[in-house]
Novice: 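Submitted below is the structure of interest, expressed as structure tokens.
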Amino acid sequence: MVLSREELAARVAAELRDGDYVNLGIGMPTLVPNYLGDDITVVLHSENGILGVARTRREHVDPT
């Protein structure tokens, strides 16, 4: 079974727990926040930087 990028992002988000630090490589950090619950705060890491990545429905991003 092949998952779409959105299905894979939802699957990754389901594995994350509040307070997790995770390196999602390239591409997934831009999708995974869309599938995190409102009660989940995680730190996303990427070697190339991901400043400004947040849920597409959010209006504010905290870069710290």
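Values reported hereafter were calculated over all heavy atoms of this structure, with side chains retained and with hydrogens, waters and symmetry mates removed.
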Novice: Take Leu16 and Val32 through the test side chain to side chain contact (heavy atoms under 4.5 Å, CB included) and record every step on the way to the result.
Specialist: CA-CA 10 Å; Leu16 298 177; Val32 170; 4.0 Å; yes
Novice: Kindly work out whether a path of hydrophobic side-chain contacts (I/L/V/M/F/W/Y, heavy atoms less than 4.5 Å apart) joins Leu36 to Leu3.
Specialist: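 Hydrophobic grouping puts Leu36 with Leu3.
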Novice: Enumerate the salt bridge (Lys or Arg N to Asp or Glu O under 4.0 Å) contacts for residues 10-23, please, sequence neighbours excluded, ordered by first and then second residue.
Specialist: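 Non-adjacent pairs meeting salt bridge (Lys or Arg N to Asp or Glu O under 4.0 Å): Arg11-Glu15.
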Novice: Under a single-linkage definition using a 4.5 Å side-chain heavy-atom cutoff for Ile, Leu, Val, Met, Phe, Trp and Tyr, are Leu8 and Val2 assigned to the same hydrophobic cluster?
Specialist: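 No, because Leu8 and Val2 fall into different hydrophobic clusters, even though each may have its own neighbours under 4.5 Å.
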Novice: Test Val42 against Ile40 for side chain to side chain contact (heavy atoms under 4.5 Å, CB included), laying out the working first.
Specialist: CA-CA 6 Å; Val42 298; Ile40 300 294; 3.7 Å; yes
